[in-house]
Structure formats: structure tokens, C-alpha cells
Q: 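Next up is a structure, given as C-alpha cells.
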Amino acid sequence: MTTISAILEAAQARAKQGNLPYQGALTPAEAQHILQAAPGAKLVDVRTRAELDWVGRIAGAVEIEWLTYPSMKANEHFLTHLQQKVKKEALVLFICRSGGRSHAAALAATQAGYTTCYNVLEGFEGDVDTNKQRNKTSGWRAAGLPWQQS
């Protein structure tokens, strides 16, 4: 059985290897393990309201848009909402559709004083294929992790 510390060490090694400015990068399965085993860990889903409504939600996630729908402009209140919902000392895991917006959110949170920020690689829907379609072979859903349709 993999321990929390082993998972976090692997995530930190990925961050170091990728020269990431935050604590670490987790696979979806690692993120789920952390959420189940680490009291106080928070998953922050930064997808748009439309994505949450149309694609699906992760139960228990803190939902704060990084980009607002439909304008897709930066949510200028993101850090304020984060501070209202998540303590700076918490172990915070950020997720989006494929890992890009959650990377930016983890960076912003780190710069705002959150000390243990992790990005969930592959995001909720995973990577795109050569046809720019979600290939359903990576991401939270493809890993068979719990989610629900609204």
C-alpha cells in the first residue's frame, strides 16, 4: 500500500523535474488517495460552471472558476474565494479539464502564500489526441475515480 508521504515525495520529484513553481504534481489516482487519507486536504476544481454542469462534478470539491464562463476571462476574485474556502495551511490539490488552468491556479495560490499546492495532472477529462478530441484514456474520469453528473 502506498503511503501519503510516498505519493507526495513522487509528486514533489515531478515538480522538481519539471521545474514547477509549486509543491508537486499528482496523477488523478494519487490525488484521490490523498483526499481519502489526508484529513483536511482540499480538492479545488477550477473548471467553469458550464463544465461542471455539463461534464460532471467531483463530490466534495471546492468549486472556484479560474476563467469565468462564457467570457473565459480571468476570475479576478479567484484568490479571494480561495481564501474564503480553503485555509492557507491546507494541503490543496487543484484540478481542471486537462491540467493547464489548475497549473496556473496552483502557481497563483503558491504566490499568495499557500504552502502545499499540488496540480492534478491530466485533469478531469485528460489530454487531447491529434484530432484535438478528448481521448478518454487519461484524466480523473478515465481512471474510474468517483464523479457525478449534475
Side-chain angles (χ1 to χ4, degrees), residues 1-67 69 75 78-79 81-83 85-150:
M1 182 172 187
T2 307
T3 66
I4 293 173
S5 60
I7 291 171
L8 294 178
E9 285 176 22
Q12 291 163 4
R14 284 186 207 105
K16 185 178 270 189
Q17 182 180 32
N19 200 28
L20 300 176
Y22 41 81
Q23 195 74 29
L26 297 159
T27 67
E30 290 170 338
Q32 174 65 3
H33 186 86
I34 294 293
L35 291 169
Q36 291 176 326
K42 299 287 184 187
L43 179 66
V44 178
D45 193 330
V46 301
R47 293 177 295 147
T48 65
R49 294 279 167 244
E51 289 172 292
L52 296 168
D53 290 343
W54 297 335
V55 179
R57 289 182 149 81
I58 301 169
V62 175
E63 299 171 351
I64 308 171
E65 289 180 305
W66 178 253
L67 301 175
Y69 183 82
N75 177 1
F78 177 81
L79 288 174
H81 293 148
L82 183 65
Q83 290 169 358
K85 297 178 179 188
V86 179
K87 294 180 181 180
K88 286 192 174 186
E89 305 78 36
L91 174 58
V92 189
L93 318 178
F94 292 91
I95 191 168
C96 66
R97 180 182 57 203
S98 59
R101 285 173 286 169
S102 54
H103 164 81
L107 172 59
T110 298
Q111 291 172 338
Y114 284 80
T115 56
T116 51
C117 296
Y118 290 80
N119 184 25
V120 180
L121 301 168
E122 304 170 13
F124 186 76
E125 293 185 79
D127 302 321
V128 294
D129 60 21
T130 55
N131 296 320
K132 300 197 180 203
Q133 305 267 326
R134 298 285 157 201
N135 61 29
K136 311 272 191 267
T137 60
S138 63
W140 187 276
R141 285 193 327 181
L145 301 172
W147 65 283
Q148 60 196 30
Q149 191 70 47
S150 298

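The figures here come from the full heavy-atom set of this structure, side chains too, leaving out hydrogens, waters and symmetry mates. The chain is numbered in sequence order, starting from 1.
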Q: Could you tell me whether a side-chain N or O of Trp140 sits under 3.5 Å from a main-chain N or O of Pro146, the two making a donor and an acceptor?
A: yes

Q: How long is the gap from CG on Leu20 to CD on Gln12, to the nearest 0.5 Å?
A: 12.0 Å

Q: Mind checking the OG-NE2 spacing from Ser98 to His103? Nearest 0.5 Å is all I need.
A: 12.0 Å

Q: Flag the pair Leu8 / Ile34 as yes when at least one side-chain heavy-atom distance between them is below 4.5 Å, and no otherwise.
A: yes

Q: Looking at Gly24 and Ala15, what are the two nearest heavy atoms and their distance?
A: CA-CB, 3.6 Å

Q: Closest approach of Leu26 and Ala11, non-hydrogen atoms and distance?
A: CD2-CB, 3.5 Å

Q: What I'd like to find out is whether the side chain of Val62 reaches to under 4.5 Å of the side chain of Ile64, using heavy atoms alone.
A: yes

Q: Less than 4.5 Å apart, any side-chain heavy atom of Tyr114 and any of Lys88?
A: yes

Q: Could you tell me whether the side chain of Phe94 reaches within less than 4.5 Å of the side chain of Arg101, counting heavy atoms only?
A: no

Q: Are Phe78 and Glu65 close enough that some pair of their side-chain heavy atoms sits under 4.5 Å apart?
A: no

Q: Could you tell me whether the side chain of Thr116 and the main chain of Ala90 form a donor-acceptor pair under 3.5 Å?
A: yes

Q: Side chain to side chain contact (heavy atoms under 4.5 Å, CB included), that's the test. Do Trp66 and Asn75 meet it? Break it down for me.
A: CA-CA 5 Å; Trp66 178 253; Asn75 177 1; 5.9 Å; no

Q: Under a 4.5 Å cut-off applied to non-hydrogen side-chain atoms, are Val55 and Arg97 in contact?
A: no

Q: Keeping to residues at least two apart or across chains, list the salt bridge (charged side-chain N to carboxylate O under 4.0 Å, His left out) pairs with something in residues 28-49.
A: Arg14-Glu30, Asp45-Arg47, Arg49-Glu63

Q: For residues Ala105 and Val46, report the shortest heavy-atom separation together with the two atoms involved.
A: CB-CG1, 3.9 Å

Q: So which atom in Gly139 and which in Pro28 form the shortest heavy-atom distance, rounded to 0.1 Å?
A: C-CG, 3.8 Å

Q: Taking C-beta and beyond as the side chain, do Val44 and Val86 meet within less than 4.5 Å on heavy atoms?
A: yes

Q: Can you tell me how far the CG atom of Leu107 sits from the OG atom of Ser102, to the nearest 0.5 Å?
A: 11.5 Å

Q: Would one find more than 12 heavy atoms of other residues, nucleotides or ligands at under 6.0 Å from atom CD of Gln17?
A: no

Q: Drop me the distance from Thr110's OG1 to Tyr118's OH, to the nearest 0.5 angstrom.
A: 10.0 Å

Q: Could you grab the distance from atom CG of Leu93 to atom CD of Gln32, nearest 0.5 Å is fine?
A: 10.0 Å

Q: In the structure I gave you, are the side-chain heavy atoms of Leu79 and Leu82 within less than 4.5 Å of one another anywhere?
A: yes

Q: For the side chain of Gln111 and the backbone of Ala106, is there at least one donor-acceptor N/O pair under 3.5 Å apart?
A: no

Q: First locate atom CD of Gln149, then atom CG of Leu52, and finally report the distance between them rounded to the nearest 0.5 Å.
A: 10.5 Å

